[in-house]
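Keep in mind that the numbers below use all heavy atoms, side chains included, and drop hydrogens, waters and symmetry copies. Order of the sequence lines sets the chain letters (A, B, ...), proteins ahead of strands, with each chain counted from 1.
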Amino acid sequence: MNSQYSNRAKLKQNCLSLPLQLHITGMEYNFPEIEAKWRKFWADNKTFKAEDNSTKPKFYVLDMFPYPSGAGLHVGHPLGYIASDIYARYKRLQGFNVLHPMGYDSFGLPAEQYAIQTGQHPALTTVTNIDGGTDKEGNKISGYRKQLDIMGFSFDWDREVRTSSPEYYKWTQWIFKQLYNAYYDTTQDKAVSIDALIVEFSNNGNGSVNATTDFDETFTADQWKAYSEEEKEKTLQQYRLTYLADSWVNWCPALGTVLANDEVVSGVSERGGHPVEQKLMRQWSMRIKAYAERLLTGLETVDWTDSIKDQQRNWIGKSVGASVHFKVDGSDHDIEVFTTRPDTIYGVSFMVLAPEHPFVDEITTAAYAAGVANYKKEASLKSERDRMADVKNISGQNTGAFALHPFTGEKVQIWIGDYVLASYGTGAVMAVPCGDQRDWDFAKHFGIDIINIFKDQDISEAAYAEKDVVIANSDFLNDLPAKKAIKLAVYEIEKRGFGQGKTQYRLRDAVFSRQRYWGEPFPVYYKGETPYLVDDAHLPITLPEVDKYLPTEDGEPPLARAEQSAWNHSEGDRMEFNTMPGWAGSSWYFLRYMDPKNENEFVAKEKVEYWKNVDLYIGGSEHATGHLLYSRFWTKFLYDLGYIPFDEPFQKMINQGMILGRSSFAYRAKYRIVTSDFTKFTSEFESPLLEHLPPFVYYSYSLLEKYGDVSSDEFNKELREITLERLKGLYKPKSNGNIEDYISVDILDHSQVHVDISLVENDILDIDSFTNWKKDSKGSIFLVNEDGTYICGHEVEKMSKSKYNVQTPDELVEKYGADTLRMYEMFLGPLEQSKPWDTKGISGVHNFLRKLWRLFHDADNNLTLSDGEPDAKALKSLHKTIKKIGDDLDRFSFNTGVSNFMICVNELGDQKCNNKAILQELVILLSSYAPHVCEELWVKLGNEAGTLSYAQFPEFKEEFLVEANHSYPVSFNGKMRFMIDLPTAMSREDVEKEVLAHETAQKWLEGNTPKKVIVVPGKIVNVVV
RNA sequence: GCGGAUGUGGUGGAAUUGGUAGACACGCUAGACUUAGGAUCUAGUGCCGCGAGGUGUGAGAGUUCGAGUCUCUUCAUCCGCACCA
């Protein structure tokens, strides 16, 4: 360990004395020049322009577009973009017409929060964050576009979209209108124009309408015709795929807006972690429930990870069962419950309603009224979060009322309890304690008798929830296995009119209004309370100017501050003040890339018919239940209306892992000195003996590591001693004091502080820069290792500004070049895995590119290439690589791809191969990973500039790999003992003979005859002794 | 609790169909060249052992001629969902 550190110390000294430029100017592989040159070339020549009309087969490679934040990109962001770019370039080489676009999801909270703080219009913030500039506080912002450009991505920038631009959101508004004008016909199982429904209503009423709706009243044609316009619209809202309704929403007071279910994580807002409460508000919603089943079955047709699919399945939450009605004894009320186990109907021991259930007050008997009122109050005071945290506590209250069992007519107690959720199913359950643990717990807790209807099943200790049971004690269900009993029970329930078979989904309709400024305005105005759509001719409804980005005094959203005449396209009416949520624009952006400048349609039909859906989508898995579900929903909807020819947006998806930061830490303690007269001085104060006491004592991680933890007595003893030593050595005493007056040092308050990672190299801290940066540490004592180094500790954390562990791509591109960074990010490990960022290995990748360069050049950096026929060795190296690179790309194994390039270049280097034919093929192969240097070498090989991107991917020829001999590993009882070179074509029998004749074989046989010899020709030999 | 994923040298990781475990790279060791080396080159590097050899993919069992890979059990870590009737 010590030698390691002393070496590091040497490195460090040299680092300080040698400016970085030195190793750049001396070098042959001049990446800054090469990369700048080709970036310009690609931009000037629009090399990566995708053709809308092409005879080539299409391939659509898409990245999840970023929100352009002021913090800029860190090395984690481009990871997925690098992978998709490599793949896009690979597909171009394979002869595909590749659509590989990029844009910005530019509506969002941070720009709005910034606007609230600084008054700067979010549109300006957004432009600065994309194009670069200076923010209101004077911080320089390099801009997303520039950061993306230096990576050498092959985006077709002519297709850029920004969700916040009016040209784009015009069509988001248009799609909203289509949803408004449609309902879901459950017979046709698709969305249909609402006009058809209106015709049906005026002809036949709604009696025979099969549609997804929460509306359960019936009306006739005559009644419909008699409705006022307002009444008609109110009814239609119950059918429209986007509709206005008073609904319980997640209200976040801190953010001043409602949130969708996927934006609420364990009771607090996903952004900022603010508490969220339930509030009844009039809001726009999306009837995504209509698509629940198709969203579920569609998952089977896409190539996504099981994890994401399961998350979506879970979110949709399909349960198949039955709804059953229980009459309330002595009342007209009829409680509907949903159950997935209708076979256990004879096991119903009691019923439980959610405290919020509408019947509770009416059925509660006088004797229980106080208790029920009390319980309801308690339940209402509990927040969603408390209720979740409180799962273990069983609570409930008897109502005194009884329900009548539909089959037996027996009286069943009705309780209320908060384990029954008002928001799921009917807010009521039939409790079957023998088959459900929660019911069982409830019954035990309140001493309710449990009916056991399972044959030979002991339920005295716990419920039995498995379905591998036989039903007993249940009349017509007796002796049936549960699965059969379920079917028969549903049949009987339906026959006797107690209910019907039913499929229930957990998926809720998605709230679509936000009380914010920086989002798409709705193309909606109101006459009184009735909403009307703005005519297409007036789209887009642009965001109006407002004086402040805050709600009005009377709680209206920020848009209510706008001068109405400035944006109200319909005389005298009130515009909608809400804006759309962030996911509106991102739900269809992949379509707009196909036709980004179309002013007449959201996408031209012939274009979407050519490009179809995304072939490869790369992005984070955090969008599993948000963006990915909503865009599937909109896609299916647009498909139903015939606008697009596919109903799943993303065919294959890969979720890149998160790149975590590696934080560096320094360890420090306060201390106090004790003088001979027992006066104590802490490090914060001036001592009478010294001019200034050092504020802290910093100790190296090596010291901490030696003792394990800061509470160790030995550690503190050593710390005290060294500190005293250093104090003596560092400071001259004042005239009236003497250093000998110190008798001891006490160590207080250990703490660790984040150190900016730019001040640390190989865990060694640049102490001077550190004390300059961390002002309160100026003059501190640093307890360094023998070699003078201060070693920092480290931890893996999320990359964030506040942890000073952010690594930007810009710095690394400057130091090593984009080609190196691209390859290094891929080399780090499998794309899907999350991993801590570490620059330790980057030099290896950089060296690889330099070795590649040296294949083409001599020691004086002159190009030296040979013509003529390549030799067999070089051909073998090349074709082995062609095969591996192709295979690796096909299975998205980018990290092994990099390894295989290294192997190839190492081999060709050993062979001193500078054959043009070989190198030309290698350059094509490598160009998707390291495009800049390959373009340069491509031209050096005598090709026309810019043709590399559309060259042909080399063809693998097996013949170059065939060898006359194979080196067989020979195992005895599965343990490899020696190698033997034998002709590849040799027969099994001959191989066996040769192996056994080998002298080493004799040794391992120890005179025995082998029991068995397994020969796998061209692979291995195993001898069983 | 349920669901998903992951456990391999000092480190990142490789081993695609059951067939030489540790490719490739970092780091480290020794050497060469050199005024110098953060350059370059050569050799070595899982662990134990001087060696022969033994041992080794979180742990334990099993299937197999042969298991990192398949089956079962179990432990740990990470992620998602969580009273869903």
Calculate the interatomic distance between A/Ile486 atom CD1 and B/A85 atom C1'; express it in whole Å. 13 Å
OP1 or OP2 of B/C24 versus the side-chain N and O atoms of A/Asn895: is any pair under 4.0 Å? no
Grab the two heavy atoms, one from A/Asn805 and one from A/Ser663, that are nearest each other, plus how far apart they are. ND2-OG, 3.0 Å
Quick one: is A/Arg977 getting a side-chain N or O under 4.0 Å of the B/G54 phosphate, OP1 or OP2? yes
List the atom of A/Leu982, the atom of A/Val995, and the distance in Å for their closest heavy-atom pair. CD1-CG2, 4.4 Å
Flag, side chain of A/Thr984 to backbone of A/Glu963, donor-acceptor distance under 3.5 Å: yes
Is the NZ or CZ atom of A/Arg977 both under 6.0 Å from the centre of the six-membered ring of A/Trp1004 and within 45° of that ring's axis? yes
When both hydrogen-bonding distances must be under 3.5 Å and the geometry is Watson-Crick or G-U wobble, what is B/G22 paired with, if anything? none
At 4.0 Å (heavy atoms only), tell me whether A/Thr339 reaches a base, stays on the sugar-phosphate, or touches nothing. sugar-phosphate
What class does the angle between the rings of A/Trp415 and A/Phe446 fall in, given that below 30° is parallel, 30 to 60° is tilted and above 60° is perpendicular? tilted
On RNA chain B, nearest-nucleotide positions of A/Asp887 versus A/Thr340: which is more 5'? A/Asp887
If B/G53 has a Watson-Crick or G-U wobble mate with both distances under 3.5 Å, name it; if not, just say none. B/C48
Report yes if a side-chain nitrogen or oxygen of A/Arg891 is closer than 4.0 Å to either non-bridging phosphate oxygen (OP1 or OP2) of B/A15; otherwise report no. yes
Is there a side-chain contact between A/Arg662 and the phosphate of B/G12, meaning an N or O under 4.0 Å from OP1 or OP2? no
On RNA chain B, nearest-nucleotide positions of A/Trp1004 versus A/Ile842: which is more 5'? A/Ile842
Measuring from the side chain of A/Met976 (C-beta onward, heavy atoms only), which nucleotide among B/G4, B/U20, B/G13 has the closest atom? B/U20
Once rounded to the nearest 0.5 Å, what's the spacing between atom CD1 of A/Ile885 and atom CG of A/Asn900? 5.0 Å
Of the nucleotides B/U55, B/C41, B/A52, which has the atom closest to the A/Lys851 side chain? B/C41
Dump every N/O contact between nucleotides 75-80 of chain B and the protein below 3.5 Å, one line per pair.
unit_1	atom_1	unit_2	atom_2	d
B/G80	O2'	A/Gln311	OE1	3.4

For A/Trp853, which contact category applies under a 4.0 Å heavy-atom criterion: base, sugar-phosphate, or nothing? nothing
Scanning all shown strands, the Watson-Crick or wobble mate of B/U64 with both distances under 3.5 Å is none
Using a cut-off of 4.0 Å on non-hydrogen atoms, how would the nucleic acid contact of A/Gln833 be classed: base, sugar-phosphate, or nothing? sugar-phosphate
Determine the contact category for A/Asn906: base if any of its heavy atoms lies under 4.0 Å from a base atom, sugar-phosphate if only primed atoms, P, OP1 or OP2 are that close, otherwise nothing. sugar-phosphate
Could you tell me whether the phosphate oxygens of B/A39, OP1 or OP2, come under 4.0 Å of any side-chain nitrogen or oxygen in A/Asn847? no
Work out which heavy atom in A/Lys444 is nearest to a heavy atom in A/Ile450; give both atom names and the distance. CE-CD1, 4.0 Å
Could you tell me which nucleotide pairs with B/A43 by Watson-Crick or G-U wobble geometry, both distances under 3.5 Å, or answer none if nothing does? B/U29
Counting side-chain heavy atoms from C-beta on, which of B/U16, B/G19, B/U40 comes nearest to A/Asp888? B/U16
Using a cut-off of 4.0 Å on non-hydrogen atoms, how would the nucleic acid contact of A/Lys1003 be classed: base, sugar-phosphate, or nothing? sugar-phosphate
Heavy atoms only, 4.0 Å cut-off, all strands: where does A/Arg508 land among base, sugar-phosphate and nothing? nothing
Would you mind telling me which of A/Thr896, A/Asn895, A/Ile86 makes a side chain to side chain contact (heavy atoms under 4.5 Å, CB included) with A/Met826? A/Ile86
Taking atom C1' in both B/G56 and B/C48, what distance in whole Å separates the two? 11 Å
Would you mind classifying the nucleic acid contact of A/Ile1014 as base, sugar-phosphate or nothing, using non-hydrogen atoms under 4.0 angstrom? base
Checking B/C41, B/C65, B/C24 against the side chain of A/Lys1012 (C-beta onward), the nearest is B/C65
What contact category does A/Ser899 fall into here, base, sugar-phosphate, or nothing, at under 4.0 angstrom with non-hydrogen atoms? base
Atom NZ of A/Lys840 and atom C1' of B/G13 are separated, to the nearest Å, by 12 Å
In Watson-Crick or G-U wobble terms, with both distances under 3.5 Å, the base opposite B/U74 is B/G58
Can you tell me the pairing partner of B/A15 across any strand shown, Watson-Crick or G-U wobble, with both distances under 3.5 angstrom? none
Does B/G9 sit syn or anti, given that only angles within 90° of 0 count as syn? syn
Give none if B/U69 has no partner; otherwise give the nucleotide forming a Watson-Crick or G-U wobble pair with it, both distances under 3.5 Å. none
Sugar-phosphate only, base, or nothing, as touched by A/Pro836 at under 4.0 Å among non-hydrogen atoms: nothing
Mate of B/U34 across any strand shown (Watson-Crick or G-U wobble, both atom pairs under 3.5 Å) is none
